[in-house]
Amino acid sequence: MIWLSKKRYKILMILPSLLLYSTYIILPIVIAFYYSLTKFTGIGTPEFVGLSNYQLLFEDPLFWKSLKNTIIVLGFTIVVLLPSSFLLALLLNKKMKGGNVVKALNFAPAVIAPILVGLIWVFILDPEIGFINVFLTKIGLEELALKWIGGETLTPYSVGLVESWRIVGFIATIFLAGLTTIPREIYEACEMDGATSLQKLFFIIIPMLNETFKINTVLIITFCFKIFETVIQLTNGGPNHLSEVLVTYMYNITFISSEYGYGMAIAVVTFVITILFTGIYLMFTKKEIES
């Protein structure tokens, strides 16, 4: 297998993956950027307008509203999902009867189509027919029956809750994989030194899962910046676009309003913001580790 060590053969082996990545990832980004510099309805010939779409975007209050909603969803999801999925992984890591079945059920929401997840939660959160408000009304707590979805204030938090429920099993599975890599000898040494469960958690488990926490945080960032089906099913961005997130607003501009060039400008800016959030987080955690 000497040929495997030669550089040209290594390049030859990764070439198919590189071609696929370039075709389905790099090329669409380049095409989107090109169309973002044009005025185009999807039919006919694009008209080059330079940075006009970006200027219009930064003056668009609905874009800023969509960005604000997306950041709220992201913040809420990180705060809720990271600790809950980590605690769930700790529970699943313990030996129990039927543990494999529980692990499979834990992962189940992640394999349900997001549009179906949204439909399920409509019957829970809808202000008129949703289970929560109907239940609160039945027990005489009408004042607590709020507009969980479809309003301007609570909708982003509800979207964050639904997204957290949908991917909690996926994130917990990654934490669980990280927990299984910690050598048993370390736990035994801690027990011999008289360490408590909390001490093992804060001084052994969490530090050794630092990279896993980073991976999961990056995954949550990317998940939140590409939320689409859940919002479409819950509120369709309404009322009056007040519950839009970046991807749903881009979809409505591109395919409903037929402003393809402007929609691609929103897509490009969304991509850049996602990269910035991810890069800033990774830079911050790297400096924290080095210090």
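Throughout, numbering of the chain's residues begins at 1 and tracks the sequence. Because only heavy atoms are used, hydrogens play no part in the values below, and waters and symmetry mates are left out as well, while side chains stay in.
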Check whether any side-chain N or O of [X] sits under 3.5 Å from a backbone N or O of [Y] as a donor-acceptor pair, and report yes or no.
X: T235; Y: G150; result: no
X: T155; Y: S243; result: no
X: T254; Y: Y251; result: no

Do other residues, nucleotides or ligands put more than 12 heavy atoms under 6.0 Å from [X] [atom1]?
X: Y21; atom1: OH; result: no
X: F271; atom1: CZ; result: no
X: E128; atom1: CD; result: no
X: I256; atom1: CD1; result: yes
X: F225; atom1: CZ; result: yes
X: K39; atom1: NZ; result: no

Take the angle between the ring planes of [X] and [Y] and call it parallel below 30°, perpendicular above 60°, tilted in between.
X: F213; Y: F86; value: tilted
X: W64; Y: F58; value: tilted
X: F33; Y: Y54; value: tilted
X: F135; Y: F131; value: parallel

Legend entry - ILVMFWY cluster, V245 and L234 together (side-chain gap under 4.5 Å):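 Yes, it is one cluster - the side chains of V245 and L234 are joined through contacts under 4.5 Å.
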
Legend entry - Verify same cluster id: L201, L179 (apolar side-chain graph, 4.5 Å):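 Yes; tracing contacts between hydrophobic side chains, which count when under 4.5 Å, links both residues.
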
Side-chain polar contacts of residues 160-171 - donor-acceptor pairs under 3.5 angstrom, sequence neighbours left out - could you list them?
residue, atom, partner, partner atom, Å
E163, OE1, R166, NE, 3.4
E163, OE2, R166, NH2, 2.9
S164, OG, G160, O, 2.7

Would a 4.5 Å heavy-atom cut-off, applied to side chains only, mark [X] and [Y] as touching?
X: P127; Y: I149; value: yes
X: N53; Y: L37; value: no
X: W148; Y: N133; value: yes
X: I204; Y: C190; value: yes
X: L74; Y: F277; value: yes
X: I132; Y: L136; value: yes
X: L219; Y: I174; value: yes
X: T248; Y: F228; value: yes

Legend entry - Passing candidate, side chain to side chain donor-acceptor pair (under 3.5 Å) with E244, options N69, N252, N236: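 Single side chain to side chain donor-acceptor pair (under 3.5 Å) partner of E244 among N69, N252, N236: N252.
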
If you round to the nearest 0.5 Å, how far is [atom2] of [Y] from [atom1] of [X]?
X: L62; Y: Y249; atom1: CG; atom2: OH; result: 4.5 Å
X: I182; Y: N93; atom1: CD1; atom2: CG; result: 8.0 Å
X: I72; Y: T153; atom1: CD1; atom2: OG1; result: 9.0 Å

Legend entry - L20: hydrophobic cluster co-members (side-chain, 4.5 Å):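 Y24, listed by chain and number.
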
